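Here's the structure, in structure tokens; my notes come after.
All values reported here derive from a predicted model rather than from experimental measurement.
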Amino acid sequence: LFRSRFGERHPDVDVSLVTGNHAQLAERIAGMADDLTLVTQPPPLAVVRQRVAANPYVVMAAAGDPLAAQKAIPFARVAHRAFVLREPGSATRALTERVFAAHGAQPRARFTLSTHHAVREAVRAGDGLALLPQSTFSADDAGDALVALDVEDFPVPGEWHLVYRVGASLSPAAQAFLDHMRETSVRMGAP
């Protein structure tokens, strides 16, 4: 969505996207390997950050899961279930561990996978529940393949941020993209 609008305004700019977990992206930011980095949690580095969108986290289940139709599910009811987790080093894994710790529990890992897509597919196959950003739901999920469970105290707030190292000189294309995202986030109600 953001790329297509930006592309209409700047047809000569090519956007390259490199994906990675939180630890990998923090390394890239530290080494200034990219002009801008889109992260859910800015790393502990001196960075300039721009909040671009809300990114709340939900407990995801296969549509056929026994909890799918229930309301106001206490966290204790999902805490004992098997979870499909992201790998250590990912912001999603860190958030999952913090949420469980806040409830005096630890996630019971059935699988540990390295992408949101892989986690979604394992959940879709009935291999467990997952804590994932609500943004990982797609139009395909409208066909009742995956559901966000109605768990008390969820969704957990989260955000997308564009970041770059303090002191870095942005290229004209990167500055135009950052300006576009600032414009877009203001229209969407982000500070």
Drop me the distance from L149's CG to I73's CD1, to the nearest 0.5 angstrom. 5.0 Å

Within this structure, what is the OG1-CE distance for the pair T37 and M32, rounded to the nearest 0.5 Å? 11.5 Å

Interatomic spacing from OG in S169 to CD in Q175 - rounded to 0.5 Å: 10.5 Å

Looking only at side chains, do E87 and N21 share a donor and an acceptor under 3.5 Å apart? yes

Determine whether a donor-acceptor pair (N or O, by modelled atom type, separation under 3.5 Å) exists between the side chain of R120 and the backbone of T136. yes

Mind checking whether R182 and V52 have side chains closer than 4.5 Å, heavy atoms only? no

Looking at the rings of F177 and F6, which for Trp means the six-membered one, are their centres under 6.0 Å apart? yes

Test of understanding: clusters of I, L, V, M, F, W, Y form through side-chain heavy atoms closer than 4.5 Å, transitively. Do Y164 and V13 belong to the same one? yes

To the nearest 0.5 Å, atom CZ of R49 lies from atom CG of L162 at 12.0 Å

Hydrophobic clusters here meaning ILVMFWY residues chained together by side-chain heavy-atom distances under 4.5 Å, can you tell me if L36 and L17 are in one? no

E152 atom CD: more than 12 heavy-atom contacts under 6.0 Å: yes

Would you sort out whether D127 and R110 count as a salt bridge (Lys or Arg N to Asp or Glu O under 4.0 Å), showing the intermediate values? CA-CA 7 Å; D127 290 324; R110 175 159 294 156; 5.0 Å; no

Identify the two heavy atoms, one from L113 and one from A118, that lie closest to each other, and give their separation to 0.1 Å. CD1-O, 3.4 Å

Test log, rule side-chain contact (heavy atoms from CB on, under 4.5 Å), inputs M181 and L38: CA-CA 11 Å; M181 294 304 288; L38 185 65; 5.6 Å; no

Residues that D35 engages under salt bridge (Lys or Arg N to Asp or Glu O under 4.0 Å), provided they are two or more places apart: none

Taking all non-hydrogen atoms of both residues, which atom of H161 and which atom of P42 are closest, and how far apart? CD2-CD, 3.7 Å

For the CE atom of M60 and the CG atom of L132, what is their distance to the nearest 0.5 Å? 4.5 Å

Hydrophobic clusters join Ile, Leu, Val, Met, Phe, Trp and Tyr when side-chain heavy atoms are under 4.5 Å apart, directly or via other members; which others share one with L25? I29, V39, L45, V47, V163

Determine yes or no for a side-chain-to-main-chain donor-acceptor pair under 3.5 angstrom, with R86 supplying the side chain and A91 the backbone. no

Closest non-hydrogen atom pair between A63 and A68, with its separation: O-CB, 3.3 Å

Separation of E97 CD from L95 CG (nearest 0.5 Å): 10.0 Å

Which atom names give the shortest non-hydrogen contact between A130 and V119, and what distance separates them? CB-CG1, 3.5 Å

Should N55 and T40 be marked as a side-chain hydrogen bond (donor to acceptor under 3.5 Å, both in side chains) after you check the CA-CA gap, both sets of side-chain angles, and the distance that decides it? CA-CA 8 Å; N55 189 36; T40 56; 5.3 Å; no

Considering all heavy atoms, the nearest S135-W160 contact: OG-NE1, 3.9 Å

V151 and R77: side-chain contact (heavy atoms from CB on, under 4.5 Å), yes or no, with the steps? CA-CA 9 Å; V151 178; R77 294 216 34 224; over 6 Å; no

Taking all non-hydrogen atoms of both residues, which atom of A72 and which atom of D150 are closest, and how far apart? N-OD2, 3.0 Å

Show the numbers, then the answer: is there a side-chain contact (heavy atoms from CB on, under 4.5 Å) between V99 and Y57? CA-CA 11 Å; V99 167; Y57 284 75; over 6 Å; no

H22 versus Q24, side-chain donor and acceptor atoms under 3.5 Å: no

Going by distance alone, is a donor N or O of one side chain under 3.5 Å from an acceptor N or O of the other, for H180 and R5? no

Pairs satisfying ring-ring contact (aromatic ring centres under 6.0 Å, His included), at least one member in residues 74-97, at least two apart: F75-F100, F75-H103, F83-F100

Flag the pair R9 and E183 as a salt bridge only when some basic side-chain nitrogen lies within less than 4.0 angstrom of an acidic carboxylate oxygen. yes

Side-chain heavy-atom pair V84, L129 within 4.5 angstrom cut-off: no

